Structure formats: structure tokens, C-alpha cells
Amino acid sequence: MCLKLILSLSIAGLVSASQIPGPEERIVRGYYIPIEYVPWQVSMLNATLHRCGGVIYSDRTILTAAHCLHNVAVKDLSVRAGSSYWSKGGQVQRVLKAIKHPKYRHFPNPVYDVAVLILEDPLKLGSAVDEISLAENTPDAGTITLASGWGLTRVPGFHWPILHGVHVTILNRTECENYYKDINYKVTNDMICADAHQGDTCKGDSGGPLVDTKNRKLVGIVSWGAGCGTNPGVYADVAFFRNWLKYTVQENI
Ligand SMILES: *[C@@H]1O[C@H](CO)[C@@H](O)[C@H](O)[C@H]1NC(C)=O
Ligand SMILES: *[C@@H]1O[C@H](CO)[C@@H](O)[C@H](O)[C@H]1NC(C)=O
């Protein structure tokens, strides 16, 4: 059953560059959370539609997944911050520049899947709009983290209007690597894996935050997975990208 799902998803990936094997992810088996609980979360909009999640690094910079920039023009992009709804409320700011990691590749699964967005005007920070600092270290296996987004809540589904979150546990990377090797995907040292009891991120959650809430640090950015809630979710390892992210923000702000 798993193999069939992955196979069909892989074919979809070949047909359309915007479809990642598995997801551009959604929250599965999560729950509604108000934006004040994850004030670093934004929705990245393409024209008027939710495209991906994003994370507030500073009032003028947003972190997201590089694959979220497929088939979009920077002039059409904006972010909505400070709202539990992707479609209304909060603050909307246009994107001025979008910088993908130069080593980003898309197939067979995304690698170096991070990007920095520079906003035209700064966000006003407050209780529902706030920055989050980057983890210095890759989280240990067993760490409980929180992922959030407006992605699909079941397969097949739709972009949920209200923000959802799910707690997921960081997995041992070697074990995750071996797991995905068996189904021909490559988990590399720029990635971390996490799962829960079928709780997961899914299509539409990509680019969103994975946070160690105890220390209030961004540990991951939603990237990919095979299916949603059936296999471990894979995230860009923020500690691995920390220097690149900081440098890129400094150079472009
Ligand atoms: C983004 O929006 C533009 C303008 O509406 C549209 O042409 C394009 O297909 C959209 N891209 C994606 C990936 O949805
Ligand atoms: C991860 O799993 C591997 C293989 O099961 C094991 O050898 C290794 O010690 C584990 N690493 C950690 C940090 O738990």
C-alpha cells in the first residue's frame, strides 16, 4: 500500500515540477492553534492564494523552503503575518527578493531546501507577529517539537482556513536514512526527520516552522515526506543552515 502511494506520487513529481514526492505538506492529525501560540508563522501567498508556510526571522526577513518558489514570480508573492487565517486579517507585506540556497535540487527529493525572502516593508512585531531564533545544534532524537501550517489535514484534502499544529518527535537520522533508502529517497545531513502517531505535516505546510518550544528555537523547516502521516516527515535542519541563513540575510537586507 505504501509503495503504491509513493509510486503514484513519484509519477506526479515527474509530470509537474511543483509536486514534490510526498508533499509540500499539510498538518495531519493536528489541532487548531491560535497564531499567538506560534507568532513566527506566516502564510506565503502567491497572488491571493496560500502557497506555503514561512517563518519570521526578523521584521524584514522570512525563511521558507526553496521548493516553494517553483513556478512563482517574486512580484506575485507576499506574506500574511499575525493571523490564524491565511486568507484574512493580520498584516500583508510584499516580497522584494527571494534567494534559494545555491545547492538546492529538486529530485528525487528536495535537498538544501531552504530560501530567504526579503520583504518590501518591515512587519510590525507584537504578540501575534514575532521573530524566532535559529537553533545552534541539530536536535537530539526524542526531542518533542511543534510543526504548524495551513496545509491539508487529510489525504486528499484542501488548504485548511485556520492554522493547525502538531507535535512530532525528532527521529534518529541514521534510522530515517535507512527507512527512506528502502524506498529510494535520500535523507542527507542537511535534513532531520520527525514523526508522531500518524501526525505529520503535508501539502501546503512546506516552508513552515518546526520549533523546539521548550527553548523557543527554530529547529526545522517543513520540506518533504512520502505521503502524509504514513512515513516520517523530513525537514531542513536549521542548525546545519544557520551560517548560510545568517550570511544571506546580512548580504541582502
Ligand atoms: C502563482 O500565481 C500566478 C499569478 O496568479 C499564476 O500564474 C501561477 O500559476 C501561480 N503559481 C503557482 C505555483 O500556483
Ligand atoms: C541512531 O541509530 C543507530 C542505528 O540504529 C545507532 O547506531 C546510533 O547510536 C543512534 N544514534 C543516536 C544519536 O541515537
Side-chain angles (χ1 to χ4, degrees), residues 9 12-26 42-54 62 64-80 86-87 92-100 104 106-107 110 113 115 117 119-120 135-145 149-152 156-161 168-183 185-196 202-208 210 212 219-224 231-235 237-240:
L9 287 164
L14 293 175
V15 171
S16 154
S18 69
Q19 285 223 271
I20 298 303
E24 292 154 40
E25 355 264 302
R26 98 228 83 175
V42 299
S43 163
M44 183 185 112
L45 303 166
N46 179 42
T48 55
L49 292 177
H50 174 78
R51 163 83 179 143
C52 267
I62 303 294
T64 190
H67 81 254
C68 291
L69 299 172
H70 266 273
N71 296 331
V72 294
V74 173
K75 67 170 177 51
D76 293 329
L77 297 180
S78 59
V79 301
R80 184 185 301 278
W86 63 261
S87 59
V92 177
Q93 288 296 349
R94 297 171 68 95
V95 174
L96 182 67
K97 259 196 265 184
I99 306 117
K100 283 183 229 175
Y104 164 68
H106 200 64
F107 295 113
D113 193 13
L117 309 179
L119 302 178
E120 264 184 17
E136 289 92 16
N137 302 303
T138 300
D140 292 332
T143 305
I144 308 289
T145 56
W150 288 272
L152 309 185
F158 67 107
H159 286 162
W160 203 247
V168 291
T169 308
I170 301 294
L171 303 176
N172 175 317
R173 187 189 283 151
T174 311
E175 286 171 10
C176 183
E177 215 176 287
N178 291 336
Y179 182 92
Y180 271 112
K181 207 186 302 174
D182 289 346
I183 52 175
Y185 291 121
K186 240 181 137 161
V187 171
T188 42
N189 65 355
D190 55 309
M191 303 172 195
I192 50 177
C193 301
D195 76 354
C202 202
K203 192 172 166 67
D205 291 327
S206 285
L210 181 71
D212 176 348
V219 296
I221 293 173
V222 179
S223 180
W224 62 280
N231 298 293
V234 187
Y235 299 78
D237 179 355
V238 166
F240 178 92

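Heads up: numbering here begins at 1 and tracks the sequence. Numbering of ligands and ligand atoms starts at 1, following listing order. This one's a predicted model, so the numbers in the text were calculated from it and none came from an experiment.
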Q. What closest approach, in Å, do K186 and M191 show between heavy atoms, and which atom pair accounts for it?
A. O-CE, 3.6 Å
Q. Tell me, which protein residue and heavy-atom name are nearest atom 3 (C) of ligand 2, and how many Å apart are they?
A. N172 ND2, 3.6 Å
Q) Is the shortest distance from atom 9 (O) of ligand 2 to a protein heavy atom below 4.0 Å? A) no
Q: Assign the ring pair Y180 / Y185 to parallel, tilted or perpendicular, where the plane angle (0 to 90°) is split at 30° and 60°.
A: perpendicular
Q: Determine the interplanar angle of the H106 and H70 rings, folded into 0 to 90°, and report it as parallel if under 30°, tilted if 30 to 60°, perpendicular if over 60°.
A: tilted
Q) Do any N/O atoms on H70 end up under 3.5 angstrom from N/O atoms on ligand 1? A) no
**Q.** Contact partition for R173 relative to ligand 2, non-hydrogen atoms under 4.0 Å
**A.** neither
**Q.** Intermediate values then yes/no, side-chain contact (heavy atoms from CB on, under 4.5 Å), Y179 and N172
**A.** CA-CA 11 Å; Y179 182 92; N172 175 317; over 6 Å; no
Q. Is the count of non-hydrogen atoms from other residues, nucleotides or ligands lying under 6.0 Å from K97 atom NZ greater than 12?
A. yes
Q: Please round to the nearest 0.5 Å and tell me the distance separating atom CD1 of I170 and atom OG1 of T138.
A: 9.5 Å
Q | Closest protein heavy atom (residue, atom, distance) for atom 4 (C) of ligand 2 | A | E175 OE2, 4.1 Å
Q | Min N/O separation R51 to ligand 1 under 3.5 Å | A | no
Q) Heavy-atom distance from atom 12 (C) of ligand 2 to the protein below 4.0 Å? A) yes
Q.
Using a 4.0 Å cutoff against the non-hydrogen atoms of D76, which atoms of ligand 1 qualify?
A. 3 (C), 4 (C)
